[in-house]
2 protein chains.
Amino acid sequence: MADKQKGGFSEACETCGSRHKSIFCHLAMDELALFNESKSCMSFKKGQIIFNEGGHPLGIYCVNEGKVKISHSGQDGKDQIVHLAKEGDVLGYRALLSSEKYNATAIALDDTKVCYVPRDTFFQVLKTSHGLSLEIIKLLATELRRAVNTITDLAQKPVRERTAEALLFLKETYGFEEDGATINVVLSREDIANLVGTATETAIRLLSEFKNDKIVEFIGKKIKILDMNKLIKTANVLY
Amino acid sequence: MADKQKGGFSEACETCGSRHKSIFCHLAMDELALFNESKSCMSFKKGQIIFNEGGHPLGIYCVNEGKVKISHSGQDGKDQIVHLAKEGDVLGYRALLSSEKYNATAIALDDTKVCYVPRDTFFQVLKTSHGLSLEIIKLLATELRRAVNTITDLAQKPVRERTAEALLFLKETYGFEEDGATINVVLSREDIANLVGTATETAIRLLSEFKNDKIVEFIGKKIKILDMNKLIKTANVLY
DNA sequence: GCTAAAACATGATTTTTGTCATGTTTTAGC
DNA sequence: GCTAAAACATGACAAAAATCATGTTTTAGC
């Protein structure tokens with residue numbers, strides 16, 4: 001199990017660096033203090049489950065460090081990756097806010113540290129903080145727009161374009177290494193396939209093609225973009 | 001152009017029947033009065049555009065009567081239908097809330113009556129009404145879950161299953177006629193294809209197959225479900 | 001360092017789906 | 001009611017993508 005602790009790596013919510021990147025950026029000091037009193041800090045090793053589809057949400061998770069994939073399971077058990085989270089991202093809020101079970105599973109892609117804010121504290125602050133409501137509304141609205149764009153892509157674009165687009169998305173989400181070209185995340189080919197929405201073999205083949213076309217190069221388990229223009233062209237997006 | 005008027009078919013927001021089905025169900029009387037003062041009533045004929053992708057939202061639309069398709073345009077101009085609205089639904093709120101341009105176009109499927117609440121009034125009420133914030137959050141959260149499920153379907157299910165599912169969705173959204181079997185909406189084959197996410201010819205072919213399999217029957221421009229069990233099985237969903 | 005499992009790779013084949021072509025039916029406007 | 005346009009339909013074919021099979025490489029655990 002994950003290491004659940006009150007002390008450990010944790011610092012106070014009031015001084016937390018991740019906060020400024022999150023929906024809690026505008027909270028007042030006394031509201032942050034409420035969070036701080038009741039929050040737990042948790043560490044998850046690579047591959048560990050943070051929460052599970054079908055489970056009941058009892059709080060929200062704030063990613064402090066690390067990377068998390070959020071995937072939704074189809075009928076035959078095949079996963080579709082519907083979100084990739086990083087430091088500053090909040091997880092599990094959608095289910096909590098609509099009083100539903102988790103509609104997806106969150107798994108750490110890296111060693112990950114999260115702060116867990118229990119349900120009651122979250123709602124208590126939500127009740128008084130209109131700013132938080134608005135931040136949540138904005139976040140949901142943005143996610144919804146992204147989802148609609150993904151729907152259109154899945155319905156209309158061929159797998160090759162979507163695969164190229166996925167690489168651009170990974171770059172947007174996790175950025176580059178110091179070399180300014182290697183995408184800073186490790187995903188298996190299966191994960192990439194589940195992000196693109198295709199068979200694993202197809203994803204492998206297309207990535208090999210991209211390599212042959214000198215669009216990308218594989219550096220260990222990471223992908224380095226050699227020709228951004230070609231990649232954008234292959235993805236068929238305005239950039 | 002649409003007939004924009006202050007009087008006409010409109011009744012007061014305070015007594016509007018559609019309100020109870022909408023996110024405005026918990027508004028106080030004085031808040032409703034604010035809406036009522038500033039709202040416009042508009043009528044759109046079948047096929048008319050209510051708002052256009054890329055345009056700037058200046059208010060929200062409350063559907064009073066009629067049916068509306070909301071579609072997002074792909075690169076090659078092919079539309080993807082991302083939502084179907086009916087009485088009580090609110091349109092255009094996502095773009096307004098995230099201060100973005102419209103990400104989709106709304107077109108009347110029927111002769112449709114809407115109430116238009118200008119931006120400022122909406123935000124004024126939103127500022128004071130915590131209940132409205134929560135309703136909007138719930139609505140967005142529900143839409144987001146639906147979108148995630150659609151994404152998984154598009155990525156994983158074959159067109160035949162998705163087409164059957166689309167018919168079930170149309171039934172859920174618009175219900176049956178008095179006969180208890182005919183889906184109460186008229187959509188062209190192209191619209192159905194754009195809802196399913198497939199080519200028009202493929203949608204036509206699959207619907208013909210469903211007819212041959214005695215799953216559905218075509219009554220004029222409407223679709224009658226003859227064998228619900230078979231349809232559910234074809235859609236491959238738990239129901 | 002050895003071994004089993006997982007991940008990656010690639011070929012062959014089949015299935016699914018889209019595209020193109022063509023013809024018929026229905027609808028809307030004069 | 002006539003006519004043009006749109007919608008519907010269907011066949012033939014091509015392209016895309018999934019599946020199945022098999023082999024190699026890498027990784028993780030003892």
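Computed from a predicted structure; not experimentally measured. Per chain, numbering begins at 1; letters A, B, ... match sequence-line order.
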* Which part of the nucleic acid, if any, lies within reach of B:Thr200 when heavy atoms closer than 4.0 Å are counted: base, sugar-phosphate only, or nothing? -> nothing
* Structure fact -> Under a 4.0 Å heavy-atom cutoff, the residues of residues 75-86 of chain B touching DNA chain D are none
* What's the closest nucleotide to the A:Lys221 side chain, out of C:dC8, D:dT19, D:dA17? -> C:dC8
* To do: Report the nucleotide, chosen from C:dA7, D:dC8, C:dT10, that has the shortest atom-to-atom distance to any side-chain atom of A:Ile204.
  => C:dT10
* Asked: Is the number of heavy atoms from other residues, nucleotides or ligands within 6.0 Å of NZ (A:Lys233) greater than 12?
  -> no
* Structure fact -> Which of C:dA9, C:dT19, D:dC8 is nearest the side chain of A:Phe218? It is C:dA9
* **B:Thr200 side chain to B:Glu190 side chain, donor-acceptor N/O pair below 3.5 angstrom** => no
* Name the closest nucleotide to the A:Pro158 side chain, picking from D:dT10, D:dA16, C:dT17. => D:dA16
* Counting side-chain heavy atoms from CB outward, which of D:dT10, C:dC8, D:dT19 is closest to A:Ser188? -> C:dC8
* Pair of N/O donor and acceptor under 3.5 Å linking D:dT26 base with A:Arg189 side chain -> no
* Asked: Hey, which of these two, A:Thr202 or A:Lys46, hits DNA chain D nearer its 5' end, going by closest nucleotide?
  -> A:Thr202
* To do: Examine the base of D:dG11 for any acceptor or donor lying under 3.5 Å from a partner atom in the side chain of B:Arg205, and report the outcome as yes or no.
  => yes
* To do: Report the distance from atom OG1 of B:Thr234 to atom CG of B:Asn229, rounding to the nearest 0.5 Å.
  => 10.5 Å
* How is A:Lys157 classified with respect to the nucleic acid when contacts are heavy atoms under 4.0 Å: base, sugar-phosphate, or nothing? -> nothing
* Report the secondary structure of DNA chain D in dot-bracket form, marking unpaired bases with a dot and bases paired to a different strand with |, and treating Watson-Crick or G-U pairs with both distances under 3.5 Å as paired. => ||||||||||||||||||||||||||||||
* Asked: Is a side-chain donor or acceptor of A:Glu161 paired with a backbone partner of A:Pro158 at a separation under 3.5 angstrom?
  -> no
* Asked: Would you call the rings of B:Tyr102 and B:Tyr61 parallel, tilted or perpendicular if under 30° counts as parallel and over 60° as perpendicular?
  -> tilted
